[in-house]
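Nothing fancy with the numbering, it's 1 onward along the sequence.
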Amino acid sequence: MNTMISGSGSDVLFLHGGGVSGWMWRPVVAQLAGTVRSIVPDLPGHGTSSSVEYTSHDDAVDRLVALIRDRAQNGVTVVGFSLGAQLALRLAADHPSLVRAALIISGETVPAPAQAATLALLRASAPLARREWFARLQAKQLGVPETLLEHYIEDSRAMTTDTLVASVRENIGFTLPEGWRRFAGPAAVVVGARERGLMRKSADLTHEALPHSSLVVVPDAAHDAPLTRPDRIADEVRRLLAQVEAGRTGSDAS
């Protein structure tokens with residue numbers, strides 16, 4: 001996976017959603033400038049990693065584990081949005097020694113209904129994603145700012161049908177990993193108040209499975225919080241980092 005690393009400070013791994021790539025984190029990273037070392041990969045099949053198909057969450061997690069071990073030996077605070085939130089959950093659940101804290105944003109953890117029909121329709125309509133007018137409509141729904149619109153259009157053109165179908169298949173069939181209930185680090189679950197019911201139900205489920213996590217509802221956001229409210233997301237990252245530091249200091253003191 002192609003990865004951008006910038007800044008200095010605590011290592012924070014940012015995982016983007018499906019259909020976009022690492023550029024979506026630029027507004028949040030800008031808010032955190034000077035305080036974190038941002039590690040921002042383009043997941044397989046997306047952005048500058050579009051030459052490698054997205055095949056499964058298992059494969060993506062394996063690649064992310066290798067990235068963390070190579071570039072952040074002391075572990076990371078992982079921040080994931082949508083598909084990236086599911087990968088963040090998998091990392092925290094399956095590889096807790098690599099994850100110091102987790103911020104789960106708009107992560108679907110309740111399987112969607114009619115999955116076969118959804119995927120069939122998606123495969124049939126996939127060529128639309130390469131049309132600029134359609135990409136612009138999708139970008140508007142996602143809250144993509146004008147300054148990043150061209151990146152979204154480029155990503156839509158580059159994504160293959162196989163990657164699109166595989167990533168959506170994994171996304172709509174995802175269930176909360178059992179190991180999440182045992183994750184000991186600081187955690188927060190973020191959802192937009194204007195998101196669809198399935199997403200709000202997922203946020204409740206994810207939070208209830210880990211009682212020490214916090215549940216944050218962004219009142220003026222839909223499925224777009226990192227792009228439309230980067231200040232709120234940055235605040236949550238800072239809060240988690242403070243909890244990590246407080247825990248580390250407490251352990252040192254004992």
Would you say that [X] contacts [Y] through its side chain, given a criterion of any heavy-atom pair below 4.5 Å between the two side chains?
| X | Y | result |
| --- | --- | --- |
| Glu195 | Ser106 | yes |
| Ser82 | Asn171 | yes |
| Ile233 | Ile105 | yes |
| Pro41 | Leu15 | yes |
| Leu83 | Ser167 | yes |
| Val28 | Leu32 | yes |
| Val78 | Leu103 | no |
| Arg123 | Thr161 | yes |

[X] and [Y] ion-paired at < 4.0 Å:
| X | Y | value |
| --- | --- | --- |
| Arg169 | Asp162 | no |
| Asp231 | Arg229 | yes |
| Arg194 | Asp220 | no |
| Arg239 | Glu236 | yes |
| Asp235 | Arg238 | yes |

Side chain of [X], backbone of [Y]: donor and acceptor closer than 3.5 Å?
| X | Y | answer |
| --- | --- | --- |
| Ser213 | Leu210 | yes |
| Gln115 | Ala112 | yes |
| Thr228 | Asp224 | yes |

Between atom [atom1] of [X] and atom [atom2] of [Y], what is the distance when rounded to the nearest 0.5 Å?
| X | Y | atom1 | atom2 | result |
| --- | --- | --- | --- | --- |
| Met159 | Leu164 | CE | CG | 6.0 Å |
| His16 | Asp42 | NE2 | CG | 5.0 Å |
| Glu154 | Leu148 | CD | CG | 11.0 Å |
| Asp155 | Ser50 | CG | OG | 8.0 Å |
| Leu91 | Ile68 | CG | CD1 | 5.0 Å |
| Leu241 | Thr77 | CG | OG1 | 4.5 Å |

Please report the shortest heavy-atom distance between [X] and [Y], naming the atom on each side.
| X | Y | value |
| --- | --- | --- |
| Pro226 | Pro27 | O-CB, 4.2 Å |
| Val165 | Leu119 | O-CD2, 3.9 Å |
| Met1 | Ser49 | CA-OG, 3.6 Å |
| Gln86 | Glu170 | OE1-O, 4.0 Å |
| Arg232 | Pro219 | NH1-CD, 3.9 Å |
| Pro186 | Gln243 | CB-OE1, 3.2 Å |

Check this for me: Asn74, atom CG, are more than 12 non-hydrogen atoms of other residues, nucleotides or ligands nearer than 6.0 Å?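 It does not: Asn74 CG has 12 such atoms or fewer within range.
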Can you confirm whether more than 12 heavy atoms, excluding those of Gln73, are under 6.0 Å from its CD atom?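 Yes, CD of Gln73 has more than 12 neighbouring heavy atoms, counting only those of other groups under 6.0 Å.
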Taking a hydrophobic cluster as the set of Ile, Leu, Val, Met, Phe, Trp and Tyr residues connected by side-chain heavy atoms closer than 4.5 Å, whether directly or through intermediates, do [X] and [Y] fall within one such cluster?
| X | Y | value |
| --- | --- | --- |
| Phe174 | Phe81 | no |
| Val190 | Val20 | yes |
| Val237 | Val40 | yes |
| Phe14 | Leu43 | no |
| Leu240 | Val29 | yes |

What's the verdict on side chain to side chain contact (heavy atoms under 4.5 Å, CB included) for Thr175 and Thr109, showing C-alpha distance, side-chain angles and the deciding distance? CA-CA 5 Å; Thr175 57; Thr109 55; over 6 Å; no
Do the ring planes of Trp23 and His151 sit parallel (below 30°), tilted (30 to 60°) or perpendicular (above 60°)?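 Rings of Trp23 and His151: parallel, as their planes differ by under 30°.
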Give me the ring orientation class for Tyr54 and His57: parallel if the planes are under 30° apart, tilted from 30 to 60°, perpendicular past 60°.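 Because their plane-to-plane angle is over 60°, the rings of Tyr54 and His57 count as perpendicular.
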What's the verdict on side chain to side chain contact (heavy atoms under 4.5 Å, CB included) for Leu89 and Leu176, showing C-alpha distance, side-chain angles and the deciding distance? CA-CA 8 Å; Leu89 284 165; Leu176 194 64; 4.1 Å; yes
Sole residue of Arg69, Arg100, Arg37 in salt bridge (charged side-chain N to carboxylate O under 4.0 Å, His left out) with Asp11: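 In the set Arg69, Arg100, Arg37, the residue that makes a salt bridge (charged side-chain N to carboxylate O under 4.0 Å, His left out) with Asp11 is Arg37.
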Cut-off 3.5 Å, side chains only: do Ser202 and Glu108 have a donor facing an acceptor?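 Distance-only check fails for Ser202 and Glu108.
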Take Val99 and Leu13, measure what side chain to side chain contact (heavy atoms under 4.5 Å, CB included) needs, and give me the verdict at the end. CA-CA 9 Å; Val99 178; Leu13 175 66; over 6 Å; no
Test Leu98 against His95 for side chain to side chain contact (heavy atoms under 4.5 Å, CB included), laying out the working first. CA-CA 6 Å; Leu98 302 179; His95 303 277; 4.0 Å; yes
